[in-house]
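Here's the structure we're looking at; comments come further down.
Read the numbers this way: they start at 1 and go in the same order the structure lists the ligands and their atoms.
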Amino acid sequence: MQNIKFDFQNKSVVVTGGASGIGFRISSLFLAAGAKVSIWDYSEDALNKAKTELGQFASQLHTVAVDVSNRASVTQAAASLPWAVDVLVNNAGITRDKSFAKMTPEDWDAVISVNLTGLFNVTKTLLEKFNPSSPNKRIINISSVVALYGNFGQTNYVAAKAGVIGMTKTWGRELGRKGFTVNAIAPGFIRTPMTEAMPKEVLEQMAAKVPLARLGETEDIANAVMFLSTDQASYVNSTVLSVDGGLVV
Ligand code: NAP
């Protein structure tokens, strides 16, 4: 018998979209638990800010500017990795919300290329960069609760996030024998810079729909990612963990 305490010393983690919001919190918690972390993010400014905030972990931290929707950029980022990978967290994502009637092909393409093709690009490129001898390789894909239930104004986002669940289940089947588990997390309404920008009344209405009567915190998602990344979670595979305060019971 062993109590689980998050200890990721001797593990290395890649977090896409790791300079902001949920990804930043995931990166911070892994660093605090002793992991080496490579933050992949779009903007140099956001990466520099993250590097400053995570200064105390400088020796464990690697950052790289990357556009996950661009294969050449992903190949370059992978080549810059100083460590073999144990855990990949596919977290980078964008929204371009509009009702279906108003959604443009550009809105569709932008979200599909980052939120769906981005996962294909990153995971395919990093597969050969995983620590080959590890029996506990982990891929965790950040989907969304809306992938399970649909959402007004999010045809592109819901399609991409539902596709992420499909990829998760397929990779779980294909990669299980090679020492991987592959799981998805479906966050509900989480407080991030993105949601903070919304009007207070809208946030209150969102919180009122949650049985726990509050929005989720980035730490709620990061803790679920950490659990799925442990060696002790080795029999959890191809599943979707909703972390939404019971929003969709
Ligand atoms: P966020 O604060 O906007 O963080 C997303 C990060 O991904 C940003 O740093 C962003 O960089 C980066 N990114 C965007 N496009 C990229 C690209 N092409 N290549 C590399 N990095 C890119 O969003 P968040 O709220 O933390 O969301 C994180 C994940 O959780 C997303 O996949 C989102 O869909 C999912 N999620 C969030 C919620 C929620 O309530 N917040 C709910 C369900 C699911 P820039 O800022 O420079 O563009």
Against Val145, only a single residue in Ile190, Val243, Asp244 fulfils side chain to side chain contact (heavy atoms under 4.5 Å, CB included); can you say which?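 By the side chain to side chain contact (heavy atoms under 4.5 Å, CB included) criterion, Val145 pairs with just one of Ile190, Val243, Asp244: Asp244.
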My understanding is that only one of Phe30, Phe8, Trp83 makes a side chain to side chain contact (heavy atoms under 4.5 Å, CB included) with Lys36; could you say which?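 Going through Phe30, Phe8, Trp83 one by one, the side chain to side chain contact (heavy atoms under 4.5 Å, CB included) with Lys36 is satisfied by Trp83 alone.
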For ligand 1, give me the residues whose heavy-atom distance to it is below 4.0 Å, by chain and number please.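 Those residues closer than 4.0 Å to ligand 1 by some heavy atom are Gly17, Ser20, Gly21, Ile22, Asp41, Tyr42, Ser43, Val66, Asp67, Val68, Asn91, Ala92, Gly93, Ile94, Val114, Ile142, Ser143, Ser144, Tyr157, Lys161, Pro187, Gly188, Phe189, Ile190, Thr192, Met194.
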Side-chain H-bond candidate by donor/acceptor type, Thr104 with Asp107, under 3.5 Å: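 Yes - a donor-acceptor pair under 3.5 Å links their side chains.
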Please determine, by modelled atom types, if Ser69 and Asp67 share a side-chain donor-acceptor pair under 3.5 angstrom.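 The criterion, which ignores hydrogens and geometry beyond distance, is satisfied for Asp67 and Ser69.
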Okay, side chain of Asp41, backbone of Ala19: is any donor-acceptor separation there less than 3.5 Å?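 At least one qualifying donor-acceptor pair exists.
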Check whether Ser113 reaches the backbone of Ala110 with its side chain - one donor and one acceptor, N or O, closer than 3.5 Å.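 Looks like yes, one N/O pair under 3.5 Å.
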